[in-house]
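Read the structure below first, then the notes.
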2 protein chains.
Amino acid sequence: MAKDGSTGSTAAATTDGTTPGGGDIARSLELLWGTGDRPSRGPKPGLTLDRIVTAAIAVADAEGLAAVSMRRLSTELGTGTMSLYRYVPGKAELLDLMLDRVLGEPLPDEPGRPAAAPPAPDDWRVAINRMATTYLDNLRRHPWLLKINQARTVLGPSALRGLELSLAALRSMGLRDPELIGVIITVNSFVEGLARTQGDAEEAVAQTGLSDEEFWDSQRPYLERAMLSGAYPMMASMSEDTFSADFDHFAFGLERLIAGFEVLVAERTADAAADRT
Amino acid sequence: MAKDGSTGSTAAATTDGTTPGGGDIARSLELLWGTGDRPSRGPKPGLTLDRIVTAAIAVADAEGLAAVSMRRLSTELGTGTMSLYRYVPGKAELLDLMLDRVLGEPLPDEPGRPAAAPPAPDDWRVAINRMATTYLDNLRRHPWLLKINQARTVLGPSALRGLELSLAALRSMGLRDPELIGVIITVNSFVEGLARTQGDAEEAVAQTGLSDEEFWDSQRPYLERAMLSGAYPMMASMSEDTFSADFDHFAFGLERLIAGFEVLVAERTADAAADRT
DNA sequence: CGGTTTGGGGTACGGTGTACTCAGTTCGCT
DNA sequence: AGCGAACTGAGTACACCGTACCCCAAACCG
């Protein structure tokens, strides 16, 4: 997934002459924020960045990120493979663009839910709950999101808008600015970790063609021998429903997290009251 | 990274004749729990599974999971590439073995810390804190851990031992069994998500050769223009230290999480007391 | 000692990202 | 109107990857 690095950067340096790696980011930024004015000489482009990104996302959603290759996209779009490089500096940048597109897009209408996004609620608990569920929904809709390096995501307009909305909703907590960011990071980290586990499980089913049940059944003899060995007394004494799928780990964890924030907010308001007297 | 799937499973079926995918798991299980008795006909093996896994981990630690290829490992070990397939069914299984090895190994001695693992403390807060820090340490030492599908990790002896120790330490919380698992999953998810963000950042520095500062500087003009546009009032009003690196997001989030658990434990003990009266 | 079983390794195939090169199109300027 | 510049599209080629297949040498059993 990650490009080779050695061949990539050195090759870019020999070709372009710009500082290796730096030129690509500038190029990505222009692609994201750019005015889109195209030079007025030469033939009109037969493709759009938008179409490429859309096609890439469609393929990734349907068959996983591994299916997204330049050759595959070109056949999908009916062009030559190398033509894509007229619009995108490289595959890494294409992945960046996919990220920004998906993270910022409003959730598509679902049958059970009203389409319009309601304004930010003044209750931060509800806001956090919405943040987490929305993010989890997004990650489940696009499982490949977690396989793309998010650190160097160029902060596109849509990503900024999401952060802005979150911050506005959390303002009522009365925490300091870095703590607000901490809240967001904590919630997002929890959701990401959970989504990764779930996504891995689904991917494993798809790739091996083996259901979860079959998988665990294949391990059962080894596990039972281990339990009988006496080396794992705690695990051997666990109740039957311990690993049941009925338990909603997302709801459980999120509830605990919000309860933890509640404690901090209560402390702060108590402090403020003490200062006032 | 993930193997092709179509070629992999079908090829395994044509070669071996066993149910596609199922044979590999059985093979992995035997590799993990197996007795290691080798047949006494034919030449002695010049390699060990252990040496292969060790070499793979070394390469992954030093240069990232992308550098772990069968050809690379073979040159590292001084053998032919295809010889490796006498010991490992395929690359996917090798990754599984790397996982189990690393997740179960005791942390190597570090200068500042005593080497012996102390017995499980009876205070579950300390236990959770230790769980989280240990896991985070592990993920930082081996950033490639998060790029391997953990869902179908064969539960090896070392993985079981870790789970057993965690459960023993959390027993004093007095929660139901599924909730105990929920606690572990929640903490681990949080740590994984955070580690992923940190790992992505380091990887980005290594790959692009661009420090974080340089990266953000390159975005500054676009961000400033966005701030001045008035479309992001909350973000524009943030204090200077909001995104400072001084703030320890790991400590902050973990503290909130533990506080949230505390609330639940308190509720339970209160309920128990009410029942007793 | 002959046969059988096993490990080691070479070759080859289909896949990937992408550098390089050349042909063809379209506009601005003279 | 014509020409040259600037641009797009596409083909070819290279270095990687995982691994199927095949053959040979080594080691034990009878």
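Letters A, B, ... are given to chains in the order of the sequence lines, protein chains preceding strands, and every chain is numbered from 1. Below, all heavy atoms of this structure are taken into account, side chains as well, without hydrogens, waters or symmetry copies.
- In terms of polar N and O atoms assigned as donor or acceptor, the side chain of A:Arg72 never comes within less than 3.5 Å of the base of C:dT16 in a complementary pairing.
- Residue B:Leu94 contributes atom CG, which lies 10 Å from atom P of D:dT19 at whole-angstrom precision.
- Taking every side-chain heavy atom of A:Met82 into account, D:dT12 is the closest of D:dT19, C:dG17, D:dT12.
- By the salt bridge (charged side-chain N to carboxylate O under 4.0 Å, His left out) test, B:Arg72 is found to be paired with B:Glu63, B:Glu76, residues two or more places apart in sequence or in another chain being considered.
- Taking every side-chain heavy atom of B:Arg71 into account, C:dA12 is the closest of C:dT21, C:dA12, C:dT18.
- When rounded to the nearest whole Å, the span between CD1 of B:Ile52 and P of C:dG8 equals 9 Å.
- B:Ser83 pairs by the side-chain contact (heavy atoms from CB on, under 4.5 Å) definition with B:Thr79, not counting sequence neighbours.
- The heavy-atom pair separating B:Pro45 from B:Tyr87 by the smallest distance is CB-OH, 3.2 Å.
- B:Leu73 has its CG atom 16 Å from the P atom of D:dC16, to the nearest Å.
- Both A:Thr79 and B:Ala67 sit near DNA chain D, but only A:Thr79 has its closest nucleotide nearer the 5' end.
- In this structure, NZ of B:Lys91 is placed 14 Å from C1' of C:dG15, rounded to the nearest angstrom.
- Nucleotide C:dG7 holds its P atom 16 Å from the CG atom of B:Leu77, rounded to whole Å.
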**Worked check of side chain to side chain contact (heavy atoms under 4.5 Å, CB included) between B:Leu65 and B:Leu95** = CA-CA 10 Å; B:Leu65 196 61; B:Leu95 298 184; 4.1 Å; yes

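- A sub-4.0 Å separation between OP1 or OP2 of D:dA10 and a side-chain N or O of A:Ser83 is present.
- With hydrogens and angles left out, the side-chain atoms of B:Arg196 and A:Ser189 include no donor and acceptor closer than 3.5 Å.
- Residue A:Leu47 contributes atom CG, which lies 11 Å from atom C1' of D:dT8 at whole-angstrom precision.
- Residue B:Tyr87 has a polar side-chain atom (N or O) positioned under 4.0 Å from OP1 or OP2 of C:dG8.
- Following rounding to the nearest Å, A:Met70 (CE) and D:dG9 (P) show an atom-to-atom distance of 14 Å.
- When the C1' atom of D:dC24 is taken as reference, atom CZ of B:Arg86 falls 11 Å away, rounded to whole Å.
- The phosphate of C:dT16 has OP1 or OP2 within less than 4.0 Å of a side-chain N or O from A:Ser69.
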